[in-house]
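Since the structure comes first, as structure tokens, the remarks are kept for the end.
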Amino acid sequence: MKRSFQYNTTAMAIAIGLIAVSTIVLSSFSNVLWAGKDYLVDTTITQSTIKLATQTVDRIEQKIIDNDNIISGTIDIDEPVTWPASVDLIKKGDYNVDQVFIFRLDSSYPLYPPYSKGIANSWDKFRTSFKELSRSALVVNQTNHLHKERADNYRFASYVLKEDRRGERYLIFFEINLEKTLAILGRYLRDLQPDFNVSVVDFDNVGILPNAVSISRNAKYFWETRFPTTLYKWLLQVVPRNYTEMEQNARNQRRVNLFLTLMSMIMIFLSLAIIYVVGRRERQLTQLKEDFISNVSHELKTPLSLIRMFSEILVTNRVKNEEARQEYYSIIHSESDRMSRLVANLLDFARLERERHSLHFEKANVAQLVVKELEAYRYQMQKEGFELITRVDGDVPDTIIDPTAISMALFNLLDNAVKYSSEKKQVVVSVSRSNGFVELAVKDEGMGIPEAERQRIFDKFFRGSGAGIRKIRGSGIGLTITRQVAEMHGGEILVESEIGRGSTFTLKIPIRAEPVAASTN
Ligand code: ADP
């Protein structure tokens with residue numbers, strides 16, 4: 001048992017160590033142990049700014065690419081007759097397409113739209129662009145973009161290579177409306193604007209969007225990023241509007257993280273402590289039960305072997321003289337008495353444990369009961385060399401009690417007084433009235449009870465730990481029975497003690513005229 005105690009303590013120490021180490025590692029990894037490390041705050045804000053800018057660019061790109069896929073899928077390259085209708089559909093739709101040109105890859109002669117005066121202007125524009133297309137690197141059905149600076153403005157187009165059934169290759173070119181594209185950009189950037197200054201610029205740092213704010217590249221937490229495949233001539237620039245507030249928030253966040261980490265550590269420690277305490281109690285109880293069984297076995301074995309020994313001598317008539325015979329008889333008598341007292345006590349204990357309400361209350365007088373019981377006990381005590389002094393006040397009133405239970409408690413107290421007395425063999429039993437209680441006190445001049453054990457002596461199976469006590473027979477249930485009796489009467493049991501000077505146990509029973517519901521504690 002001792003060994004398992006040791007085991008558990010070691011296991012607990014290891015667990016606590018592990019928790020402490022993992023908490024420290026966790027804290028430093030999550031940058032919570034940051035005192036004075038402001039660069040960590042900077043890193044957090046920079047990281048979130050970069051993340052936001054990249055996400056926004058990705059969303060815009062995705063929107064354009066999705067658009068491209070829809071419009072390129074609308075044109076069936078195998079059915080030229082459907083082209084005018086499809087192009088019409090595209091132009092009318094919400095795809096920002098101004099014009100569509102379809103031509104064979106190996107010629108700059110348009111198949112669609114057929115050349116006419118009306119498109120002369122845009123056709124010319126297109127022909128210039130045509131030379132800029134990277135035609136050799138094209139992949140079938142993959143959308144590409146043309147983003148060019150012109151004298152008047154920027155130009156944006158998407159184009160795709162298609163192959164018909166016969167393996168003929170065509171290029172479809174979608175001229176995209178710039179204003180409408182800028183409007184889409186504006187819509188996406190609006191989400192950022194509450195917290196960031198946002199701008200879209202070209203490589204000369206000239207703002208593209210209407211009402212553009214100009215952002216200094218030296219601003220704290222400034223970040224810019226390109227549109228990788230679509231509007232590749234432009235850059236998105238962002239800078240937090242109110243970074244002092246953001247810095248404060250980041251700092252607070254870190255404080256909260258630290259607090260939460262410490263809190264969870266404390267919670268884990270608390271849980272461990274609870275598990276430890278509960279486990280310890282459990283183990284103590286098991287230990288007490290084991291002691292109890294061995295104590296009781298011993299208690300029964302000793303008188304039994306004495307009875308057997310002396311009865312055998314008597315039966316085989318090996319007695320020296322009449323005096324010895326009488327002595328053997330009295331040993332057999334007292335040992336069997338001792339055994340039956342122990343068995344009775346065990347049965348009482350079991351009964352009280354089982355049926356806590358099993359008392360039979362009646363109106364009786366504690367003083368008279370004690371005097372009567374002591375008459376029978378006095379002889380036995382005197383035989384053991386004890387002086388029994390009885391002090392009974394005359395004004396003790398009748399009250400509602402279970403006389404058998406009170407006698408049981410009295411005998412347990414007397415038994416202890418006798419057992420735990422050494423040189424001075426004197427026991428005083430007194431019954432008095434005090435503040436609505438009848439007080440039955442048993443005082444001895446014995447060895448006394450150490451302060452640390454004074455509360456625990458009433459616990460089930462508890463026995464004193466002193467070497468002197470261990471030698472004295474006992475099962476650790478006498479005082480438990482006494483306390484249960486007190487509580488069942490709505491009263492209590494008190495102890496006063498001084499080491500080497502003796503102890504006084506006082507059983508307090510409330511004075512009642514009528515029975516009340518018994519306490520079940
Ligand atoms: P037991 O006497 O069988 O051990 P009890 O429940 O009656 O069990 O008492 C519990 C413990 O309280 C005892 O083991 C002893 O240490 C202590 N004790 C009880 N009564 C006295 C007393 N009168 N003087 C000193 N110690 C006492």
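Heads up: numbering here begins at 1 and tracks the sequence. Quick note: numbers below take in every heavy atom, side chains included, and nothing from hydrogens, waters or symmetry partners.
Salt-bridge formation is detected for the pair E224/R217: a Lys NZ or Arg NE/NH1/NH2 atom is positioned less than 4.0 Å from an Asp or Glu carboxylate oxygen. In this structure, R325 pairs ionically with E322, as a charged nitrogen and a carboxylate oxygen lie closer than 4.0 Å. Salt bridge present: R338 and E335 bring a charged side-chain N and a carboxylate O closer than 4.0 Å. Checked for salt-bridge contact, R341 and D415 meet the test: a charged N lies under 4.0 Å from a carboxylate O.
Taking OG1 of T480 as the reference point, atom CZ of F461 lies at 8.0 Å (rounded to 0.5 Å). Separating the CD1 atom in I477 from the CZ atom in R463 is a distance of 11.0 Å, to the nearest 0.5 Å. The CD atom of Q237 sits 6.5 Å away from the CG atom of L235 when rounded to the nearest 0.5 Å. Remark: L440 CG to T506 OG1 distance equals 8.5 Å, nearest 0.5 Å. To the nearest 0.5 angstrom, F361 atom CZ is 9.0 Å from I400 atom CD1. To the nearest 0.5 Å, atoms CD1 (I307) and CE (M309) are separated by 11.5 Å.
Between I493 and L479, every side-chain heavy-atom pair lies at or beyond the 4.5 Å cut-off. Residues R473 and T302 fail the side-chain proximity criterion, which asks for heavy atoms closer than 4.5 Å. Considering only heavy atoms from C-beta on, T404 stays 4.5 Å or farther from H360 through its side chain. Contact annotation: the side chain of H489 approaches that of D402 to within less than 4.5 Å [non-hydrogen atoms, C-beta and beyond]. Residues T399 and R512 meet the side-chain proximity criterion, which asks for heavy atoms closer than 4.5 Å. In this structure the side chain of R454 reaches within 4.5 angstrom of the side chain of S497, judged on heavy atoms. F386 places a side-chain heavy atom less than 4.5 Å from the side chain of S421. For the pair N416/K419, a side-chain contact is recorded, criterion being any heavy-atom separation below 4.5 Å from C-beta on.
Under a cut-off of 6.0 angstrom, the local environment of NZ in K383 is crowded, with over 12 non-hydrogen atoms contributed by other residues, nucleotides or ligands. No more than 12 heavy atoms of other residues, nucleotides or ligands shown are found within 6.0 angstrom of CH2 on W223. Atom CZ of F259 has 12 or fewer neighbouring heavy atoms from other residues, nucleotides or ligands inside a 6.0 Å radius. In N435, the CG atom is not crowded: 12 or fewer heavy atoms of neighbouring residues, nucleotides or ligands sit closer than 6.0 Å. Around the CZ atom of R318, the shell of radius 6.0 Å holds more than 12 heavy atoms that belong to other residues, nucleotides or ligands. Within 6.0 Å of atom NZ in K51, 12 or fewer heavy atoms from other residues, nucleotides or ligands are found, so the atom counts as exposed in its surroundings. More than 12 heavy-atom neighbours from other residues, nucleotides or ligands sit within 6.0 angstrom of CD on E384.
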V438/I401 under side-chain contact (heavy atoms from CB on, under 4.5 Å): CA gap, chis, key distance, verdict
CA-CA 11 Å; V438 173; I401 53 166; over 6 Å; no
Full working for side-chain contact (heavy atoms from CB on, under 4.5 Å) between F411 and D348:
CA-CA 12 Å; F411 283 127; D348 289 338; over 6 Å; no
Are L300 and V343 close enough, and set up right, to give a side-chain contact (heavy atoms from CB on, under 4.5 Å), and what steps lead you there?
CA-CA 9 Å; L300 289 172; V343 172; 4.1 Å; yes
Evaluate the side-chain contact (heavy atoms from CB on, under 4.5 Å) criterion for residues V485 and L352: first the C-alpha distance (whole Å), next the side-chain angles of each, then the deciding distance (0.1 Å), finally the verdict.
CA-CA 8 Å; V485 168; L352 288 180; 4.2 Å; yes
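A pairwise comparison of heavy atoms in P240 and T49 identifies CG-OG1, 3.8 Å as the closest pair. When all heavy atoms of T482 and L507 are compared, the closest pair comes out as O-CD1, 4.2 Å. Taking every heavy atom of both residues into account, S311 and I332 meet most closely at N-CD1, 3.6 Å. The shortest heavy-atom contact between I511 and P397 is CD1-CG, 3.7 Å. Shortest non-hydrogen contact noted between I469 and G464 is CG2-O, 3.6 Å. A441 and T504 make their closest contact through CB-CG2, 4.2 Å (heavy atoms, listed as atom of the first residue, atom of the second, distance).
Using bins of under 30°, 30° to 60° and over 60° for the plane-to-plane angle, the ring pair F458/F505 lands in the perpendicular bin. The aromatic rings of F349 and F292 are tilted relative to each other, their planes meeting at an angle between 30° and 60°.
Side chain of N365 to backbone of A367: a donor-acceptor contact under 3.5 angstrom is found. Panel note: side chain E453, backbone S465; a donor-acceptor pair is recorded below 3.5 Å.
For E498, the salt bridge (charged side-chain N to carboxylate O under 4.0 Å, His left out) test picks out R501, with sequence neighbours left out. Residues passing the salt bridge (charged side-chain N to carboxylate O under 4.0 Å, His left out) test with K363, sequence neighbours excluded: none.
Between the side chains of N249 and Q253, not a single donor N or O lies within less than 3.5 Å of an accepting N or O.
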Tabulate below the donor-acceptor pairs under 3.5 Å that side-chain atoms of residues 53-61 make, not counting sequence neighbours, or state none.
{"residue": "T54", "atom": "OG1", "partner": "I50", "partner atom": "O", "Å": "2.6"}
{"residue": "T56", "atom": "OG1", "partner": "L52", "partner atom": "O", "Å": "2.7"}
{"residue": "E61", "atom": "OE1", "partner": "T229", "partner atom": "OG1", "Å": "2.8"}
{"residue": "E61", "atom": "OE2", "partner": "T229", "partner atom": "N", "Å": "2.9"}
{"residue": "E61", "atom": "OE2", "partner": "T230", "partner atom": "N", "Å": "2.9"}
{"residue": "E61", "atom": "OE2", "partner": "T230", "partner atom": "OG1", "Å": "2.7"}

